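We number each residue from 1, following the sequence as shown. Bear in mind that the values here come from a model prediction, so they are computed numbers and not experimental data. Atoms considered below: every heavy atom in the structure, side chains included; atoms not considered: hydrogens, waters and symmetry mates.
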Amino acid sequence: MLKQHFRVCFCFWRHFKQIFAEVPEDIEQVFKQYSEDGLMTVKNLRTFLIESQKEIDASEEFAQEIFDSLRLLHLFPRRGLHIEVFFRYLLGDHNLPLPSPPKVYHDMKAPLSHYFMYTGHNSYITGNQVYGKCSTSPIIEALKKGVRVIELDLWPNSRKNGVDVLHGGTMTTPVELSKCLVAIKDNAFSASVYPVIITFEDHLPKHLQAKVAQMVKNIFGDILYQPNTDFQEFPSPEELKKKVMISTKPPKEYLESQSANRVQNLRKDQLNDQIEEEEEDLQNASPEYKRLIAIHAEKVGSNIQESLSLEQGKVRRLSLSEQELKNAANYCGNLLVRFTQQNLLRVYPKGLRIGSSNYNPYVGWTHGAQMVAFNMQGDDKYLWIMQGMFRANGGCGYVKKPEFLMNVDQYGQFCDLSGAEQLEVQKTLKVKLYMGEGWLREFHLTHFDWCSPPDLYTVIKIVGVPSDISKKKTKTIDDQWEPMWNEEFEFELRVPELALLLIVVKDDDSYKGNEFAGQTCLPISELRPGIRSVPLHNRRGNRYKHVKLLMRFQFV
């Protein structure tokens, strides 16, 4: 027991007894079950891993590795683990809630349209969308976290002789395209060997398009994927390992869309002159730039149903704003699912999100949208959910869509999750939260409250289809750095394939608002049963060094 002292108003001190976490009763019972004479041998530990933790492939060699790692810390006698060391093992990195080391286990040989992809929006902006700085730093950070789709907005530089990357019509400071491309090349496969797709939002005249084509080929060389013909079906992530692909609108479509946008602003004779000029431009458009485009992109037209129509022998990428997606989901959701079974759908944040906030990704995911594009520089709960989704499949940035999003039933109907509450419960997840630790090692004594230790509570939430959403909250443990909750909750899951477990710890403070103390989001499809150490992350999704929870997961 430790006493902590907090000065109040320079006049007097407040004193608190810091109680360090004791071994929970459940852990004591488990240890007794799998130990002999107060010690757990290698053989005992293996039996515990198989029977209690459901690690059916655990070998004696693996159990010995755990022993050896703990012995290096001089934590136990040679004959076996005593209960305190077993307790420390349970809280350590050998006992994480997701497969460790991370492993790609989804089938990676299906077409790209069969996968959700970790997708960034305006990947070059460091701050907000209006006057943030453009830089290679957020691109590098995103790639190191496993993001596979990077967006770059291309504009002529101030001299009109080069290409900059910036958010057009804003006060964002530009960065040179060449620097962005080099950053992508140097970091593309640092977190994953699967393909990186660069989406260009192109605002360039034809002579700069030709310059971009040469620049891209020179920088990427052999890792640039350039198909000889248009795709009738997308290749697979396995085929595209360590390749970079370019996706944008072909020049003809860009010019036609520009003409359409100007119709209301030009008199008829002016419009005819403009069309003639643009037709001449088409004849001279850079063939190198056209060949650069592996995935042809389109923007949705005025008729969404026409835009979602399937074209024989051709696949493509369509882009919708979050609001356009929501509207389409309301009245032609089945067409969205059908479209995304063969084609790619990219969803991007609405323009009003100038602070780089994000939106609920589930509207996109439940309709098969592969590229739900996010502002990766944010720190909101939806970004935590996005990070949770892509912790699956070894963090490789590609998560195979559930089969029900790829199937058509005997009546020609597509999956409709809007009525998922009518489905049967597939699984029940039992979650027990024992305790937390590490905040005192991670933060200053007065980080949460200048006159006392924190008052911590935890919110545990299922995020997924509407019928699966559920939230539970623990009691608040006052004035303790190592709270002991010992609370258990149950969650019924109808669509577990899309469900995530969001865990957020906060300091209960009625005066200045409940303060963030850590979070994590875990894909339920990969959650390992048993007693697990659950590391927490900061608002940006970076893991804390010391802060973790001890939890138990059971599926019934």
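N375 CG to I125 CD1: the interatomic distance, rounded to the nearest 0.5 Å, is 7.5 Å. Residue H114 holds its NE2 atom at 11.0 Å from CG of L405, rounded to the nearest 0.5 Å. Between C180 atom SG and L152 atom CG the span is 5.5 Å, to the nearest 0.5 Å. Between E60 atom CD and T41 atom OG1 the span is 8.0 Å, to the nearest 0.5 Å. To the nearest 0.5 Å, the span separating NZ on K54 from CG on L49 amounts to 12.0 Å. We find the CE-CD distance between M435 and E482 to be 5.5 Å, quoted to the nearest 0.5 Å.
Aromatic ring centres of F374 and Y118: separated by at least 6.0 Å. Residues F189 and Y194 keep their aromatic ring centres 6.0 Å or farther apart.
More than 12 heavy atoms of other residues, nucleotides or ligands shown are found within 6.0 angstrom of CG on N542. Other residues, nucleotides and ligands contribute at most 12 non-hydrogen atoms within 6.0 Å of the CD atom of E25. At most 12 heavy atoms of other shown residues, nucleotides or ligands fall within 6.0 angstrom of atom CZ in R441.
Taking both residues in full, the closest heavy atoms of E488 and Q554 are given as OE2-OE1, 4.1 Å, listed atom of the first, atom of the second, then distance. The two residues Q370 and L112 have their closest heavy-atom pair at CG-O, 4.3 Å.
For the 3.5 Å distance criterion, the side chains of E487 and Y434 fail to qualify, holding no donor opposite an acceptor. Between N393 and E526, the side chains place no donor N or O within less than 3.5 Å of an acceptor N or O (distance only, hydrogens not considered).
A donor-acceptor contact shorter than 3.5 Å links the side chain of H106 to the backbone of K400. A distance-only check finds no donor-acceptor pair linking the side chain of R317 to the backbone of L345 [under 3.5 Å].
The aromatic rings of Y544 and F443 lie perpendicular to each other, with more than 60° between the two planes, well past the 30° mark. Note on ring orientation: taking the six-membered ring where Trp is involved, the planes of F390 and W365 are perpendicular (angle over 60°, cut-offs 30° and 60°).
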